[in-house]
Amino acid sequence: MKPNQTHTEKSPWQNQVGQAITSPAQLPKGFNVDIKALTKVTRQYPMLISPYYLSLIENEQDPLWKQAVPDVRELEDEQNMEDPLAEEPQSPVPAVIHRYPGRVIFLVSNRCAMYCRHCMRKRKVGEEDLHFGKKSSKKIEEGLQYIQSNTAVNEVILSGGDPLLLGTEQLDRILSTLKTFDHVRIIRIHTRTLCTLPCRITDNLVMMLKKYQPLYINTHFNHPREITPESTKACEKLANAGISLGCQTVLLKGVNDDADIMGELMTRLLEIRVKPYYLHHPDPVAGTAHFRPDINVGFDIMKHMRGRLSGMCIPQYMIDLPGGEGKVPMLPDYVKSRSPKTIQVENYQGKICNYPL
């Protein structure tokens, strides 16, 4: 311990969380915002931005601004649902979503380093009854008991909120308990801290996570400008520890619905050792309609990337079906016609070619 350090002194990442922007009135004076209008939005959909992520925003038209700062259009969305994926009916206990037979989502935290305006669990943001910050949580214990008793579950995905907003010791206890269940063979952690709070990836955290291989981390970058020296270093620490990294990007209107921007993002992700995994079409979640592009925009982007980028760079374009029916890949229609001996296919340049069967 350093000479003036005490047991109660907070780490840099905890200080960042404590200094987060939670009100439009706290935004820097250089931004032109309607504080009254945005405050009305935050009464329904809370606001939280880490100082780090705020420092990356350049202006009010910035794609990073759109992800972080409330928008009056959030209150104008009358077509979407709070829980379109039917997560609540598929929760046998409060902290577990059990949609697929062999895997569950385990909601271990209700905290995030940033409240993304496109969040698919927007209905839960700021809920007090999802507090998992204590040393032990009844909901976490119930979740562990459920997973232990369901031996068909071989994969557990830690989500929330953001699991890495838990303290390292608490996360260690959850992981160590899961590892005692013989039927749990794979553990994933879904986190956006690599993008929104990279200082959370401390040496102590990495040493702890390294104990629990095979362990996979899926993160969430939506724009090339989110890949900074700080986020690159965070990813490097985890990759050097042998932890596989993937990215679940969301296709967002006005943020990344452009083939060149998406191609640059996927290439840069691979450069920092993060494998592009999914490109999600945004779910029809209440308060997010202004982010949803036409599905054909996604098809066009996928066709543009194919042939121009390495196959390693190309994610699967996915929709998550309403009603909890599960994820389905969206594929451009490359096969144009069939005959008993050949199929006609369209390549990335739009050229129609014959392929013998």
Ion pair present between [X] and [Y], side-chain N to carboxylate O less than 4.0 angstrom?
X: Glu226; Y: Arg192; result: yes
X: Lys66; Y: Glu60; result: no
X: Glu155; Y: Arg185; result: no
X: Arg117; Y: Asp71; result: no
X: Glu87; Y: Lys124; result: no
X: Arg225; Y: Asp62; result: yes
X: Lys303; Y: Glu346; result: yes
X: Glu325; Y: Arg99; result: no
X: Arg121; Y: Asp83; result: no
X: Lys40; Y: Asp34; result: no

Same cluster or not: are [X] and [Y] linked, directly or through other Ile, Leu, Val, Met, Phe, Trp or Tyr residues, by side-chain heavy atoms under 4.5 angstrom apart?
X: Met330; Y: Ile314; value: yes
X: Leu158; Y: Met207; value: no
X: Leu107; Y: Met120; value: no
X: Leu265; Y: Tyr277; value: no
X: Met208; Y: Leu245; value: yes

Can you tell me if [X] and [Y] form a side-chain donor-acceptor pair at under 3.5 Å?
X: Ser231; Y: Thr228; value: yes
X: Glu264; Y: Thr267; value: no
X: Thr342; Y: Ser339; value: yes
X: Asn80; Y: Arg292; value: no
X: His98; Y: Tyr146; value: yes
X: Thr191; Y: Asp162; value: yes

Salt bridge (charged side-chain N to carboxylate O under 4.0 Å, His left out) between Lys253 and Asp294: does it pass, once the steps are laid out?
CA-CA 9 Å; Lys253 189 175 183 179; Asp294 188 284; over 6 Å; no

Donor-acceptor pair, side chain of [X] and main chain of [Y], under 3.5 angstrom:
X: His281; Y: Pro293; value: yes
X: His304; Y: Asp258; value: no
X: Lys237; Y: Ile201; value: yes
X: Thr202; Y: Leu205; value: yes
X: Asn150; Y: Val153; value: no
X: Gln19; Y: Gln16; value: no
X: Gln316; Y: Met318; value: no
X: Asn154; Y: Val184; value: no
X: Asn354; Y: Gln344; value: no
X: Glu82; Y: Ala286; value: no

For [X], does the [atom1] atom have more than 12 heavy-atom neighbours from other residues, nucleotides or ligands under 6.0 Å away?
X: Glu88; atom1: CD; value: yes
X: Asp182; atom1: CG; value: no
X: Lys275; atom1: NZ; value: yes
X: Lys233; atom1: NZ; value: no
X: Asn32; atom1: CG; value: no
X: Lys210; atom1: NZ; value: no
X: Arg268; atom1: CZ; value: yes

I need the [X] [atom1] to [Y] [atom2] distance, nearest 0.5 Å.
X: Asn218; Y: Ser159; atom1: CG; atom2: OG; result: 10.0 Å
X: Arg173; Y: Leu144; atom1: CZ; atom2: CG; result: 11.0 Å
X: Ile187; Y: Phe106; atom1: CD1; atom2: CZ; result: 10.5 Å
X: Gln170; Y: Ser137; atom1: CD; atom2: OG; result: 7.5 Å

For His118 together with His220, are the ring centres under 6.0 Å from each other?
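Under 6.0 Å, so yes.
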
Taking the side chain as every heavy atom from C-beta outward, state whether [X] and [Y] have any atom pair closer than 4.5 Å.
X: Cys119; Y: Tyr45; answer: no
X: Thr249; Y: Tyr278; answer: no
X: Ile243; Y: Tyr216; answer: no

Taking all non-hydrogen atoms of both residues, which atom of [X] and which atom of [Y] are closest, and how far apart?
X: Pro282; Y: Phe291; result: CG-O, 4.0 Å
X: Val274; Y: Cys235; result: CG2-SG, 3.8 Å
X: Tyr317; Y: Leu251; result: OH-CD2, 3.9 Å

Take Ile301 and Asn256 through the test side chain to side chain contact (heavy atoms under 4.5 Å, CB included) and record every step on the way to the result.
CA-CA 10 Å; Ile301 288 172; Asn256 58 17; over 6 Å; no

Start with the C-alpha gap between Leu85 and Asp283, add the side-chain angles, then the distance that decides, and say whether side chain to side chain contact (heavy atoms under 4.5 Å, CB included) holds.
CA-CA 8 Å; Leu85 305 184; Asp283 300 316; 3.7 Å; yes

Output, in order, the C-alpha distance, side-chain angles, deciding distance and verdict of side-chain hydrogen bond (donor to acceptor under 3.5 Å, both in side chains) for Gln26 and Thr22.
CA-CA 7 Å; Gln26 294 176 280; Thr22 58; 3.2 Å; yes

Given Val104 and Val156, is the side chain to side chain contact (heavy atoms under 4.5 Å, CB included) satisfied, shown in steps?
CA-CA 5 Å; Val104 297; Val156 177; 4.1 Å; yes

Ile157 vs Arg103, side chain to side chain contact (heavy atoms under 4.5 Å, CB included): CA-CA, chis, key distance, verdict
CA-CA 8 Å; Ile157 302 165; Arg103 65 183 181 272; 4.2 Å; yes

Going by the side-chain contact (heavy atoms from CB on, under 4.5 Å) test, name the single residue among Val69, Leu27, Leu64 that passes it with Leu54.
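Looking at Val69, Leu27, Leu64, the match for Leu54 under the side-chain contact (heavy atoms from CB on, under 4.5 Å) is Leu27.
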
Going by the rule salt bridge (Lys or Arg N to Asp or Glu O under 4.0 Å), which residues pair with Arg200 if we only count those two or more places apart in sequence or in a different chain?
none

